[in-house]
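Heads up, the thing below is written out as structure tokens.
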Amino acid sequence: MEIERHEYDVVVIGAGGAGLRAAIEARQQGKRTAIVCKSLFGKAHTVMAEGGAAAAMGNVNSADNWMVHFRDTMRGGKFLNNWRMAELHAKEAPDRVWELEAWGALFDRTKDGKISQRNFGGHEYPRLAHVGDRTGLELIRTLQQRVVALQQEDERLHGDPEAYIKVFQECTITRLLKDGDAIAGAFGYWRENGKLIVFDTPAVVLATGGIGKSYVVTSNSWEYTGDGHALALLAGAKLINMEFIQFHPTGMVWPPSVRGILVTESVRGDGGVLRNSEGKRFMFDYIPDVFKDKYATTEEEGDRWYTDQANNRRPPELLPRDEVARAINSEVKAGRGSPQGGVFLDVSSRLPAAEIIKRLPSMHHQFKELADVDITAEPMQVGPTCHYIMGGVEVDADTGAADVPGLFAAGEVSGGMHGSNRLGGNSLSDLLVFGRRAGAGAAAYVNGLAARPQATEEAVSAAKAEALAPLERTGENPYQVHQELQRTMNELVGIIRNAQEVTEALEAVGKLRERAQGVGAAGSRIYNPGWHLCLDLRNMLLVSECVAKAALIREESRGGHTRDDFPGMSADWRRKLLVCAASPDGSGVSVEEKVQPPMRDDLITLFDRAELKKYITEEELADFDALVK
Ligand code: FAD
């Protein structure tokens, strides 16, 4: 069987914001670059992002700057973040947004013509640059337009628009190929006809997004099966923070066919409130001690904040997502939920109908079309949905390099930036900042190579045999295994966890892994989703094992990891990362603890002692005292 073969300097896997920004950078630095994506070009999660991109431009409140953004990001992540990434992100996000504007993005404006910025959970000032509630669409449109502009330039210069940057859409990568320790290529198949393809390349940038399809209730779409996480693990890279999963507080709960679909946080940022079945704004009962001085304690103060932010504290509906998701979970469990098992999110009694339609056009349309609910006239019913993974490939903050030579990662597939919990809006800016850095990192790596690594024929044959195996057996139906995995993860490693349930989940995942060895797909290689799922299952099982193993080891509750048998945050655990690696014999995943490097002096002194005390150990506090003396 012929295998199609291509040679590139840099291959970017994923065409969301991170992948496109990385590819643009690599091409701008003169590298022949391929963009490979599993779905149609333009259909990535980035397109679905509604709220906006967080960047401390200070357009709406001039008190905002990178230091305030850095502090908010570290607080949101409960101080577990890779502080260097949080620093780079806060400093560079405004430039990346302005760059998008220069490339043609049309953001909403303030009255005086600047890029408008909206409020979002956990951000002290209005900070999200946005285009209504369709920001991700504009971001992708602009980046794609930039790719086309570069292709037009290549046509002029080289007579071939695809000479330096080419898109391979509906093409799924199933293995990274190596030469000794170093990356030498990537192996995959075309979804349409099942033909096989090899990219020979010394540098791969992973930008494959999230893992949500390991859970039943999720905002993620079909392609988010943790492929990049698994490809990295299998190539010898490490994953960190895998126990931290963000359950977005507001997914649709009804009708069942659309359960999990996201209801943007902008609904709350623009004035929407959460109520239980008794009509109570319950979030006032759930303000944790670490945030007590930053949030309003009465409805009157919370409401005043929307028009006078200088003299009032923000309403608790805008607490970080992990806090709101847990609060909704508790209300539903206490029997105060809505008829369909969520709570009420009401914007209809808070804003005029015309204003709702202007500010939240997609939400208005989504509820009307999918649930026959008019959000200008009645409340929505919402509940938590698996949305985002904070964990991912451990990378160097400045270059996006993983610890396998030639492997880079950016965006949701990378770990560290968001610590234990991501603030809304910090993903779109993360993609731009670290996409650019990973593209530059890959280009610099290629420049420094004395010789190009070559994938061995054995590696290609092994990848081919693995890819075709499910077609060669009439084994168990992969959908059955997938459904059981989703249920296991949702029920036993969901928002609230404990040792007994996570242990049960690990046993179940182990058994499912054995069953997955035998799944098979009837039919040919032409557009065969059963076959594709057989291949995706390997990735979802590996990722689920990482999540469950790390969740069992971390005996504390922090951000997107809540253990009801260890309800408090532990300063000792804050210093530690859990690092997942594939076991050398390929039998599964091993997890080790690693101590994080202490925060740089000029960054830690941006915080008050009183705040740090809530998070760091006595020993670290003594170092801080010595520093500021
Ligand atoms: P994605 O945009 O997820 O792209 C991943 C790409 O990888 C896709 O092209 C996919 O086809 C490809 N891929 C995956 N596996 C393979 C493979 N094996 N082979 C080849 N290609 C592969 N964040 C914000 O900051 N603000 C928001 O307002 C916001 N709203 C959101 C709303 C929704 C509904 C969702 C789901 C997420 C939202 N987020 C938001 C989060 C944010 O959109 C994502 O975290 C972010 O877009 C991820 O971008 P990415 O570039 O890392 O990957």
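The chain is numbered in sequence order, starting from 1. Every number for a ligand or one of its atoms is a count from 1 in the order of the listing.
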Looking only at protein heavy atoms, which one is nearest to atom 47 (O) of ligand 1, and how far off is it? T46 OG1, 2.8 Å
Does a salt bridge link K43 with E223, judged by any charged N lying under 4.0 Å from a carboxylate O? yes
Decide, yes or no, whether a salt bridge links R21 with E25 under the criterion of side-chain N to carboxylate O below 4.0 Å. yes
Please state which part of T225 comes within less than 4.0 Å of ligand 1, counting heavy atoms only: side chain, backbone, both or neither. neither
E50 bridged to R134 by N-O distance under 4.0 Å: no
S219 N/O under 3.5 Å from ligand 1 N/O: no
Is it true that R84 and D398 have a side-chain N and a carboxylate O under 4.0 angstrom from each other? yes
Report yes or no: does G228 have a heavy atom closer than 4.0 Å to ligand 1? no
Is G17 close to ligand 1, meaning an N/O of one under 3.5 Å from an N/O of the other? yes
Pair F187 + F199: ring centers closer than 6.0 Å: no
Between ligand 1 and T135, can you find any atom pair, the residue atom being a heavy atom, that is separated by under 4.0 Å? no
Does E192 pair with K38 as a salt bridge, N-O distance under 4.0 Å? no
Part of H130 with heavy atoms under 4.0 Å of ligand 1, whether side chain, backbone, both or neither: neither
Contact (N/O only, under 3.5 Å) between G52 and ligand 1: yes
Please determine if E4 and K195 form a salt bridge, counting it only when a charged side-chain N lies under 4.0 Å from a carboxylate O. no
On a heavy-atom basis, I'd like to know which of M48, E412, H45, R422 is closest to atom 41 (C) of ligand 1. R422
Could you check atom 46 (C) of ligand 1 against the protein and tell me its nearest heavy-atom contact, residue, atom and distance included? S427 OG, 3.5 Å
Considering only heavy atoms of E50, which atoms of ligand 1 have at least one such atom less than 4.0 Å away? 27 (C), 28 (O), 29 (C), 30 (N)
Closest protein heavy atom (residue, atom, distance) for atom 31 (C) of ligand 1: A49 CA, 3.4 Å
Y388 heavy atoms within 4.0 Å reach ligand 1 at atoms 45 (O)
Is A15 in polar range of ligand 1, meaning some N or O pair under 3.5 Å apart? yes
In this structure, atom 19 (N) of ligand 1 is nearest to the protein heavy atom I173 N, 3.0 Å
Please write down residue, atom name and distance for the protein heavy atom closest to atom 25 (O) of ligand 1. L428 N, 2.8 Å
Determine whether the side chain, the backbone, both or neither of E265 has a heavy atom under 4.0 Å from any heavy atom of ligand 1. neither
Under 3.5 Å, N or O to N or O, is L231 touching ligand 1 that way? no
Honestly, for A53 the part within reach of ligand 1 (heavy atoms, under 4.0 Å) is neither
Can you tell which of D536, D133, L431 gets a heavy atom nearest to atom 50 (P) of ligand 1? L431
Please report which non-hydrogen protein atom sits nearest to atom 17 (C) of ligand 1, along with the residue it belongs to and the distance in Å to one decimal place. D227 OD2, 3.6 Å
May I ask you to say whether R422 pairs ionically with D430, meaning some side-chain N is under 4.0 Å from a carboxylate O? no
Decide yes or no on side chain to side chain contact (heavy atoms under 4.5 Å, CB included) for L541 and L485, but give the supporting numbers first. CA-CA 8 Å; L541 284 159; L485 176 67; 3.9 Å; yes
Does a sphere of radius 6.0 Å around CZ in R259 hold more than 12 heavy atoms from other residues, nucleotides or ligands, not counting ones at 6.0 Å or beyond? no
Please write down residue, atom name and distance for the protein heavy atom closest to atom 1 (P) of ligand 1. Y224 OH, 3.5 Å
At a non-hydrogen distance cut-off of under 4.0 Å, which region of C171 contacts ligand 1 (side chain, backbone, both, or neither)? backbone
Does the T385 side chain pair with the main chain of S219, one donor and one acceptor, at a distance under 3.5 Å? yes
Tell me whether E7 is salt-bridged to R32, with the criterion being a basic N under 4.0 Å from an acidic carboxylate O. no
Taking only Lys NZ, Arg NE, NH1 and NH2, and the carboxylate oxygens of Asp or Glu, determine whether R359 and D270 approach each other closer than 4.0 Å. yes
Looking only at heavy atoms, is any part of I13 under 4.0 Å from ligand 1, and if so is it the side chain, the backbone, or both, or is it neither? side chain
Atom 21 (N) of ligand 1: nearest protein contact (heavy atom, Å): K38 N, 3.0 Å
Is K368 atom NZ crowded by more than 12 heavy atoms from other residues, nucleotides or ligands, each under 6.0 Å away? yes
What atoms of ligand 1 come within less than 4.0 Å of a heavy atom belonging to V36? 20 (C), 21 (N)
